[in-house]
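Some notes on the structure that comes next.
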Amino acid sequence: MKVLILGAGVVGVCTAWYLSRAGHEVCVLDRQPAAGMETSFANGGQISVSHAEPWANPHTPLRALAWMWREDSPLLFRLRRDAALLDWALRFLRECSPRRTRANTRQIVSLALYSRRQLQALRAELPLAYDQLERGILHLYTDRRDFAAALGAAAMMRGHGCDRRPLSVDECVAVEPALASARPLLVGADFTAADESGDAHRFTQQLAEHCAAAGVVFRYGVTVAALRTAGGRVQCVLAGGEQHQADAYVAALGSYTPLLLRPLGLRLPVYPAKGYSATVPLAVDSVAPTVSLIDDAHRIVFSRLGQRLRIAGTAEFNGYDTALNPVRCQALMARARQLFPDLRPAGEIEFWAGLRPATPSNVPLVGRSPIANLYLNTGHGTLGWTMACGSGAALADIISGRSPEPPFHFL
């Protein structure tokens with residue numbers, strides 16, 4: 001078939017690769033001048049199956065209320081007249097029950113494990129170099145109640161096949177010696193040795209080059225304006241002043257997917273969760289981590305990308321605003337200096353903000369939409385890089401008429 005993919009982020013490009021491998025004729029449209037220029041550009045850099053516990057869990061509502069008036073809080077809901085946000089927030093609260101949290105975690109872990117295997121197989125097949133490290137991911141805890149709750153979450157994930165193991169403070173510092181100065185702050189950790197890290201932007205651009213060499217057509221600088229439907233099927237896409245036709249269409253526009261599909265009567269429970277990052281060029285004498293880290297209390301991750309350190313995280317629900325808030329930018333650096341007082345930048349720190357497409361459950365929307373030849377690959381939240389290869393491979397199977405491998409509730 002001829003398949004038209006809308007969006008050239010890491011999810012869209014991975015989908016293009018696996019569809020092309022399955023023998024389809026693939027074209028990708030994106031408004032940016034190159035692949036991976038929006039949400040995939042400067043994210044946390046983690047392949048983090050271990051980070052699968054959804055934001056919607058029994059501990060979150062009270063914390064969110066306590067954080068609401070803090071400009072630098074890990075999770076910030078801006079009070080605004082926004083019907084989409086209100087609807088999303090009510091759905092989010094419904095997902096916070098223990099039963100729903102367990103079910104959603106099982107779904108996320110299943111797809112994330114499959115995706116990690118697909119990434120490893122892809123890396124064995126293609127000459128990809130994106131500052132990848134296979135040194136695991138270390139969760140840090142600085143609050144004893146948080147650590148106690150994490151022990152239960154880790155046990156649940158081990159039951160689903162993610163080997164997330166608790167560590168003492170001494171074991172934590174042994175895994176990442178750069179934390180030695182922060183030892184008094186720590187109360188424990190857990191470690192997932194099979195998790196990875198790497199630069200999603202570099203990966204996306206390199207995979208796009210391999211896609212193009214395999215015959216995938218990329219049309220950059222083309223803004224998708226609308227989809228035209230008739231008889232329960234998409235007839236064409238209006239983009240760049242032209243009509244683009246295909247046999248099947250994939251919507252992989254991240255947070256912007258709901259805006260495109262709403263005129264068709266499809267109301268996707270996806271809302272933009274604005275995340276921040278700081279990319280620090282490291283001086284030779286910097287004491288910085290090489291193991292990828294998750295600071296649970298502050299919802300911040302640290303990933304080593306060659307001679308750079310990516311510090312990323314937090315979530316701000318403020319519509320489609322991507323402006324940098326200096327308070328939230330500086331909060332990232334303040335926490336980094338607490339944990340790594342000997343961190344020495346070698347140049348200017350680059351701050352960035354992007355919109356993660358979040359569902360209330362954190363479970364992405366992957367599969368066939370109610371419109372027969374329209375497929376969805378969106379809603380991955382903070383785990384787009386983690387789930388990209390698996391989502392793309394599974395959706396290629398679905399479009400090709402095959403049953404996807406992972407036990408996941410595909411649409």
Query raised in the report: Is a side-chain donor or acceptor of R99 paired with a backbone partner of A103 at a separation under 3.5 angstrom?
Result: no
**Report entry** Pair L365-V270, side chain to side chain contact (heavy atoms under 4.5 Å, CB included): steps then yes or no
**Finding:** CA-CA 9 Å; L365 306 177; V270 173; 3.8 Å; yes
**Report entry** Short N-O contact, R267 and D87, less than 4.0 angstrom
**Finding:** no
Query raised in the report: For the residue pair F317 and F77, does the interplanar ring angle fall in the parallel (under 30°), tilted (30 to 60°) or perpendicular (over 60°) class?
Result: parallel
Report task. Could you tell me the separation between the CD atom of Q235 and the CG atom of N373, rounded to the nearest 0.5 Å? Result -> 7.5 Å
Query - Exercise: identify the closest heavy-atom pair between V28 and G7 - result: CG1-O, 3.6 Å
Requested in this report: Evaluate whether atom CD of Q307 has more than 12 neighbouring non-hydrogen atoms of other residues, nucleotides or ligands under 6.0 angstrom away.
Outcome: yes
Requested in this report: Answer yes or no: is there a side-chain heavy-atom contact under 4.5 Å between L238 and Q243?
Outcome: yes
Query raised in the report: Does one side chain, of Y18 or D397, offer a donor that lies under 3.5 Å from an acceptor on the other?
Result: no
**Report entry** Check: G45 main-chain N/O paired with S197 side-chain donor or acceptor under 3.5 Å
**Finding:** no
Report task. Indicate the atoms forming the closest heavy-atom contact of C389 with L122, along with that distance. Result -> SG-CD2, 4.1 Å
Query raised in the report: Hey, does the side chain of Y256 reach the backbone of Y320 with a donor-acceptor pair shorter than 3.5 angstrom?
Result: no
Query raised in the report: Going by distance alone, is a donor N or O of one side chain under 3.5 Å from an acceptor N or O of the other, for E196 and Q120?
Result: yes
**Report entry** Polar side chain donor-acceptor pair, H51 to T382, under 3.5 angstrom
**Finding:** no
Query raised in the report: Is a donor on one side and an acceptor on the other found under 3.5 Å between the side chain of D247 and the backbone of K2?
Result: yes
Query - Aromatic plane relationship, F340 with F302 - under 30° parallel, 30 to 60° tilted, over 60° perpendicular - result: perpendicular
Query - Least distance between heavy atoms, L260 atom then P263 atom - result: O-CD, 3.3 Å
Requested in this report: Report yes or no: does D72 contribute a side-chain atom to a donor-acceptor pair with the main-chain N or O of V327 at less than 3.5 Å?
Outcome: no
**Report entry** Distance-only side-chain donor-acceptor flag, R299 / T314, under 3.5 Å
**Finding:** no
Query raised in the report: Quick one: OG on S110 to NE2 on H409, what's the gap to the nearest 0.5 Å?
Result: 9.0 Å
Report task. Kindly confirm or rule out a cation-pi arrangement of R91 over Y271, judged by NZ or CZ under 6.0 Å from the six-membered ring centre and within 45° of its axis? Result -> no
Query raised in the report: What pair of heavy atoms forms the shortest contact from G198 to L305, and how long is it?
Result: C-CD2, 3.5 Å
Query raised in the report: Going by an N to O cut-off under 4.0 Å, is there a salt bridge joining E405 and R117?
Result: yes
Report task. Working to the nearest 0.5 Å, report the span between CD of E209 and CZ of F218. Result -> 10.0 Å
Query raised in the report: Is there a donor-acceptor contact under 3.5 Å linking the side chains of E316 and N325?
Result: no
Query raised in the report: Is there a donor-acceptor pair closer than 3.5 Å between any side-chain N or O of H380 and the backbone N or O of P364?
Result: no
Query raised in the report: So do P289 and L179 actually touch side chain to side chain, heavy atoms under 4.5 Å?
Result: no
Requested in this report: Give, for atom CG of N57 and atom CZ of R102, the distance between the pair rounded to the nearest 0.5 Å.
Outcome: 12.0 Å
**Report entry** Full working for salt bridge (Lys or Arg N to Asp or Glu O under 4.0 Å) between E53 and R164
**Finding:** CA-CA 12 Å; E53 187 181 15; R164 183 172 153 182; 5.1 Å; no
Query raised in the report: Would you say R356's side chain and T39's backbone share a donor-acceptor pair under 3.5 angstrom?
Result: no
Report task. Quick one: closest heavy-atom pair of R304 and L133, and the distance? Result -> O-CD1, 3.7 Å
Query raised in the report: Counting only N and O atoms by type, is there a donor-acceptor contact under 3.5 Å from the side chain of R158 to the main-chain atoms of R165?
Result: no
Query raised in the report: How far does CG of L19 sit from SG of C27, to the nearest 0.5 angstrom?
Result: 12.5 Å
Query raised in the report: Pick from I300, I311, D295: which one makes a side chain to side chain contact (heavy atoms under 4.5 Å, CB included) with L339?
Result: D295
Query raised in the report: Looking only at heavy atoms, which two atoms of V10 and S40 are closest? And how far apart?
Result: N-OG, 2.9 Å
Report task. Answer yes when E176 and R135 have at least one side-chain N-carboxylate O distance shorter than 4.0 Å, and no when they do not. Result -> no
Requested in this report: Report yes or no: does H244 contribute a side-chain atom to a donor-acceptor pair with the main-chain N or O of A239 at less than 3.5 Å?
Outcome: yes
Query - Side-chain donor/acceptor of T204 to backbone N/O of A200, under 3.5 Å - result: yes
Requested in this report: Describe, in one word, how the ring planes of H210 and W17 are oriented to each other, choosing from parallel (under 30°), tilted (30 to 60°) and perpendicular (over 60°).
Outcome: perpendicular
Report summary line: In this structure, CE of M157 is separated from CG of D163 (nearest 0.5 Å) by 12.5 Å
